K.L.:
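Have a look at this one before I ask anything.
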Amino acid sequence: MSAGIDLENVCCDFGTFRAVDNANVSIRPGEFFSFLGPSGCGKTTILRMVSGFIEPTEGTIRIGGKDVKGTRPNQRPTALIFQNLALFPLMPIWENIAFGLEVRGVDKATRRRKAEELLKLVDLPGAADKMVSQLSGGQKQRVAIARALAVEPQVMLLDEPLSALDLKLRQHMRAELRAIQKRTGVTFIYITHDQGEALAMSDRVGVMSQGRIQQIADPKDIYNNPVNGFVASFVGENNIFTGTVGAVSNGMAAFETPEGSFRARIAPEAQGKAVKLYVRPEHTLLSDRAGENSIPVTVTEVAFEGAFISVHARTEKGMILSAEIRNDGLATVPDLGTRLHASFDPARAALLPDANVRS
Amino acid sequence: MQDLLRRYGPGLTFMMGLLVAFWLLMLVIVPNITLFEQSFRPYLPVTEIGGPRDTYSLNNYLKVFDGKVEKSFLGHVFTIPVHVYTFSLTIFYSMLVTVICFLMAYPLAYYLAKIVNPKSLPTLLLLLFIPLWVSEVLRAFAWWIILAFKGPLNALLQGIGLIEDPIRWTNMGYAGVVIGLVYTYVLFMLFPVYNAIQSLDSNQIEAAEDLGAPWWKIHWRIVLPHAKPGIASGSVMVFMLSAGSLLVPSILGSTTSQWFTQTIDQWFKDALDWNTASAYAFLLLLVCTLFVTLAMWVFRVKLSDIAK
């Protein structure tokens, strides 16, 4: 069983500070949905409102179509996995996992059996009688997931549960979490400030900044078609040019910058607003010939990263552009000081307004 | 020791060592050893001290079994040595005081540690501390006035219609003593319990609630087990201080209440028999220590947990 979550015009104030501003999102049953944003953007507040620890100041939260206003966390069909996991250190692992069942009055033998089944599910058999302090970080992670799954929640809420793990384990647990989500079919709402995590695991991502949801889309769209400068720069790297928009036609605009004039995409919503030009490093091409949208540059820094070559190049006005050359085995590494032309495809560069913040 | 030497130099380190040694030796070990040694010797006229009758024996300790009185308990009549009777009641009412202190301190400690706004915490703690600035004697007398037959407590209870006739609080067996001891020692329970609960990660309380636990289950399974060392150390303190209190039973006691410390006091001051008094004092210490050890074993608390 899994339930969808609807947030309608949800606001949350702490005193005079508005932590979440007019959040609207519909999360589908069985979906893996991530809220992505820097710390303090309001994503944890959303999670705590869904789990019931905070009541929204305004707006409605529905879980499985039912308004949950006034329902305490212990009455909601949600299970929260805390950032620090919050396992109970004085209970053995199996009692930790079966705590939710104990609360529901399930008898001891059934609890024990259920705990062992769940331990198998999270790939940690034989740990039932260990204490929390005997487990490693990744193992504790699995116990926390098993404990949350034990109460058969319709929605799992995860508050940056991987942030304490080392890189290797984090990547492994990403795949693991995704697999558990697919196996159980439970709706997952995942909170993270790590764009890689959000993009790799989620069906859809909501990018947040300063209490507002900036964009909700699938990971591909978030990366390829960011709606504003905040999303573009939070998810991935950019070369950013400031300037003024000239003539617009067919979704393409001329853009006058101190570095020169370019042509780039502009979305209808962005027209008439103050915009900047965003170009991803991997779309910034370096060649020895001038062409459309090109400016002369001098190579100042080259880093060979293996799969790609990262190049920094200075324009005549002193701006540093970064470019990534994919290493297909034949790519030549440019020498320092080489004079080249940096250019980009107008279709792959976007004119975007700044973040959507309250006025 | 090496650290002290490096940080403060030999002069200051020597002074610190000397002061600690003086404190331990002159203020703890020597007086206790003196009393301990005396407790095995008979009470003799000055001229016979050191004489042939001045020998070590357990007679002073065995005096506790002298003088039988007849008592009845749950319809069962039995005779019991009067001092053993006093002793048993002292232990029983000290336990009662400990339990009442815990029942009062736990909700307050939880409130202070987990619910109250951290901004108003210092004010609340200050309010709790202010009574401690007043002498214990004055506070006991204050309660003597509060509990008086025509005192404020009776006036209040009559005023809100809870009782019709005033109650003689200070002439109701151990009622006055228990009230006085609870008031005097409840903070010794509050602060260890508060410290213990405060060190509990609030996420654990939330996690338990999120998993569906009702409030009492959260306390029973999460908060209480975590606070156990604090509760134990608070209980040991309240119990030992209550059993050893002389002031409160003297001031708030009734004609029918006798505290074991009062018996010791009578041996010292009325009988001037310091030897028997010492024996009784050590008896109290020994039995209370055994009792606490037993209680810690029953509740599976380790000494190292309490020391934290």
Side-chain angles (χ1 to χ4, degrees), chain A residues 14-15 44 47-54 71-92 95-106 111 115 131-132 140 143-161 164, chain B residues 106 109-111 113-121 192-235 296-308:
Chain A
F14 295 120
T44 298
L47 202 70
R48 291 177 67 80
M49 284 194 288
V50 174
S51 59
F53 289 109
I54 306 177
T71 317
R72 293 293 308 161
N74 53 13
Q75 307 290 335
R76 295 193 185 193
T78 57
L80 177 58
I81 295 183
F82 290 78
Q83 188 164 12
N84 69 354
L85 305 183
L87 296 177
F88 308 131
L90 300 176
M91 299 180 198
E95 279 187 35
N96 258 282
I97 294 172
F99 184 79
L101 302 173
E102 182 186 329
V103 165
R104 285 162 178 75
V106 175
R111 274 181 353 233
M131 295 306 281
V132 175
K140 283 181 192 164
V143 173
I145 294 165
R147 185 177 71 175
L149 286 173
V151 298
E152 293 175 6
Q154 295 173 17
V155 181
M156 280 270 262
L157 308 165
L158 301 96
D159 187 4
E160 307 208 21
Chain B
Y106 180 81
Y110 184 79
Y111 175 76
K114 290 295 167 204
I115 297 174
V116 84
N117 182 346
K119 264 188 232 150
S120 46
L121 188 64
V193 177
Y194 164 75
N195 278 332
I197 294 179
Q198 205 207 18
S199 69
L200 174 66
D201 173 14
S202 296
N203 280 345
Q204 287 195 23
I205 298 171
E206 292 193 342
E209 187 178 2
D210 189 59
L211 290 167
W215 66 270
W216 59 268
K217 190 92 187 177
I218 297 173
H219 282 277
W220 183 247
R221 289 289 270 147
I222 311 295
V223 187
L224 268 175
H226 180 85
K228 201 164 81 169
I231 296 167
S233 81
S235 300
M296 276 167 52
W297 178 74
V298 169
F299 289 105
R300 293 191 209 154
V301 184
K302 285 200 257 342
L303 198 62
S304 54
D305 293 340
I306 293 184
K308 267 193 278 193

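Side-chain atoms are counted along with the backbone in the values below, which use heavy atoms only and exclude waters and symmetry mates. From a predicted model like this one, the values you see are computed outputs, not experimental measurements. We name chains A, B, ... by the order of the sequence lines, and we start the count at 1 in each one.
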K.L.:
Between A:Pro89 and B:Gln204, what is the shortest heavy-atom contact and its length?
P.N.:
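For A:Pro89 and B:Gln204, the tightest heavy-atom pair comes out as CD-NE2, 3.2 Å.
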K.L.:
What residue in A:Val103, A:Thr78, A:Leu85 has the most heavy-atom pairs under 4.5 Å with chain B?
P.N.:
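Option with the top pair count is A:Val103.
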K.L.:
Which answer fits A:Glu102, side chain, backbone, both or neither, if we ask what part of it has an atom under 4.5 Å from a heavy atom of chain B?
P.N.:
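Looking at A:Glu102, backbone and side chain both touch chain B.
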K.L.:
Between B:His226, B:Lys217, B:Arg221, which has the largest tally of heavy atom pairs under 4.5 Å with chain A?
P.N.:
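Greatest number of close heavy-atom pairs with chain A: B:Arg221.
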K.L.:
B:Ile205, B:Asp201, B:Ile222: which one forms the most heavy-atom pairs within less than 4.5 Å of chain A?
P.N.:
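Most pairs with chain A among the choices: B:Ile222.
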K.L.:
Between chain B and each of A:Leu90, A:Asn84, A:Val151, count heavy-atom pairs under 4.5 Å; write down the option with the most.
P.N.:
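Heavy-atom pair counts peak at A:Asn84.
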K.L.:
With a 4.5 Å cut-off on heavy-atom pairs, point out which of A:Gly100, A:Ala144, A:Ala86 contacts chain B the most.
P.N.:
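Of the candidates given, the most pairs with chain B belong to A:Ala86.
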K.L.:
Name the region of A:Phe88, side chain, backbone, both or neither, that has any atom closer than 4.5 Å to a heavy atom of chain B.
P.N.:
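For A:Phe88, backbone and side chain are both near chain B.
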K.L.:
Measure distances from A:Leu87 to the heavy atoms of chain B and classify the residue's part below 4.5 Å as side chain, backbone, both or neither.
P.N.:
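A:Leu87 touches chain B through backbone heavy atoms alone.
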K.L.:
If every non-hydrogen atom of B:Asp210 is compared with every non-hydrogen atom of A:Ser51, which pair is closest and at what distance?
P.N.:
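The answer is OD1-CB, 4.1 Å.
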K.L.:
Can any side-chain N or O of A:Asn74 pair as donor or acceptor with the backbone N or O of B:Glu209 at less than 3.5 Å?
P.N.:
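No, the answer is negative, given that no donor and acceptor are paired below the 3.5 Å cut-off.
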K.L.:
Measure A:Arg104 against the heavy atoms of chain B and call it side chain, backbone, both or neither at under 4.5 Å.
P.N.:
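Contact with chain B is through the side chain of A:Arg104 alone.
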K.L.:
Can you name the nearest heavy-atom pair linking A:Phe53 to B:Glu206, along with the distance?
P.N.:
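Taking every non-hydrogen atom into account, CZ-O, 3.2 Å.
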